[in-house]
Amino acid sequence: MSTRIFQILNSKFQIRAAIAVAIAAIVSGCHTDMWTQPKYHNPLESEKGDVHIFTDGAVSRPLIAGTIARDQLREDDAFFTGYQNGKLVDRFPVPVTKELIMRGQDRFMIYCTPCHGQLGNGDGMIAKRGFKLRRPPGNYHTDRLRRMPIGHFYDVITKGFGTMFSYASRVEPQDRWAIAAYIRVLQISQNARTSDLTPAELNELNNPPQPDVAPQGGEHE
């Protein structure tokens, strides 16, 4: 009987010892060294305590005037901002080619159709799912946006507008112009007039090519 009691007591002691060791290990890890390291987190941060690095109180040196990071030289304001002399540009700063438009369609389908829809009428899936109850996405086929300088669309992609956030980190400048070109194509396609067509284009519209029809019956060559 005494042996049984000793085993029970010994077992309880071992459990308590294990718990005590676990608690000690946890408590020993509760310190702030990992997130209060003796370093400066932000560029040009002010010095703290008795540490002195530079006489002006900063922990790093500001950039020398005129310094430009590699690949960040942007002399073409129209291309990189959509503005020229403080005004939105009304002409594309890049050649508008079929390849540019096709690239714009590809990027538009990825980034724009969820809200603006495939035709740019503001009826994308996100709008249908309730987003337009807050603020309807832009419809490119309004008179206001049809008359808007092309630089406006580049600027909106870059900076965002209303509830639309900036896509500058997602869409490169060249692709922003490609998307803007495709938006113009959508506007023309949904508001075109036959009087805008050349005689050859009008003839092709009125006489579309007929598809080849397989011969009927059981004749074989």
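Since the structure is predicted, the reported quantities are computational estimates derived from the model, not experimental observations. Numbers for residues simply follow the sequence, beginning at 1.
- With H116 contributing its side chain and G138 its backbone, the two residues share a donor-acceptor pair below 3.5 Å.
- The two residues L100 and P95 have their closest heavy-atom pair at CD2-O, 3.6 Å.
- By the 6.0 Å contact criterion, CD on E172 is open, its count of non-hydrogen atoms from other residues, nucleotides or ligands being 12 or less.
- Hydrophobic cluster membership is shared by F92 and V171, with clusters built from Ile, Leu, Val, Met, Phe, Trp and Tyr side chains linked at under 4.5 angstrom.
- Note on Y167: it does not cluster hydrophobically with M125, by side-chain heavy-atom contacts below 4.5 Å among ILVMFWY residues.
- Of the inter-residue distances, the one linking Q190 atom CD with N139 atom CG reads 9.5 Å to the nearest 0.5 angstrom.
- Across every non-hydrogen atom of M109 and P114, the tightest pair is O-CD, 4.4 Å.
- Under the 4.5 Å side-chain contact rule for hydrophobic residues, M102 and V96 do not share a cluster.
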Starting from the C-alpha separation in whole Å, work towards a yes-or-no answer on side chain to side chain contact (heavy atoms under 4.5 Å, CB included) for R91 and I150.
CA-CA 7 Å; R91 293 180 179 273; I150 196 62; 5.9 Å; no

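- Cation-pi geometry between R107 and Y111 is not met at under 6.0 angstrom from the ring centre and within 45 degrees of the axis.
- For the atom pair CZ of F153 and CG of L88, the computed distance is 10.0 Å after rounding to the nearest 0.5 Å.
- Side-chain atoms of R103 never come within 3.5 Å of backbone atoms of D175 as a donor-acceptor pair (strictly under, hydrogens ignored).
- The backbone N or O of P199 sits nowhere less than 3.5 Å from a side-chain atom of N203 that would complete a donor-acceptor pair.
- Relative ring orientation between W177 and Y154 is described as parallel, the plane-to-plane angle staying below 30° on a 0-90° scale split at 30° and 60°.
- Contact detail for G122 and A127: the closest heavy-atom pair is O-CB, 3.6 Å.
- Around CG of N207, the count of heavy atoms belonging to other residues, nucleotides or ligands within 6.0 Å exceeds 12.
- Note that the CG atom of L119 and the OG1 atom of T113 stand 11.0 Å from one another [nearest 0.5 Å].
- With sequence neighbours excluded, no residue satisfies ring pair (Phe, Tyr, Trp, His ring centres under 6.0 Å) with F80.
- Remark: F79 CZ to Q84 CD distance equals 13.5 Å, nearest 0.5 Å.
- R146 pairs by the salt bridge (charged side-chain N to carboxylate O under 4.0 Å, His left out) definition with D143, not counting sequence neighbours.
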Exercise answer: donor-acceptor pairs, residues 178-187 side-chain atoms, under 3.5 Å, sequence neighbours excluded:
{"residue": "Y182", "atom": "OH", "partner": "Q105", "partner atom": "NE2", "Å": "3.4"}
{"residue": "R184", "atom": "NH1", "partner": "Q187", "partner atom": "OE1", "Å": "2.7"}
{"residue": "R184", "atom": "NH2", "partner": "M148", "partner atom": "O", "Å": "2.5"}
{"residue": "Q187", "atom": "NE2", "partner": "Y140", "partner atom": "O", "Å": "2.9"}
{"residue": "Q187", "atom": "NE2", "partner": "L145", "partner atom": "O", "Å": "3.2"}

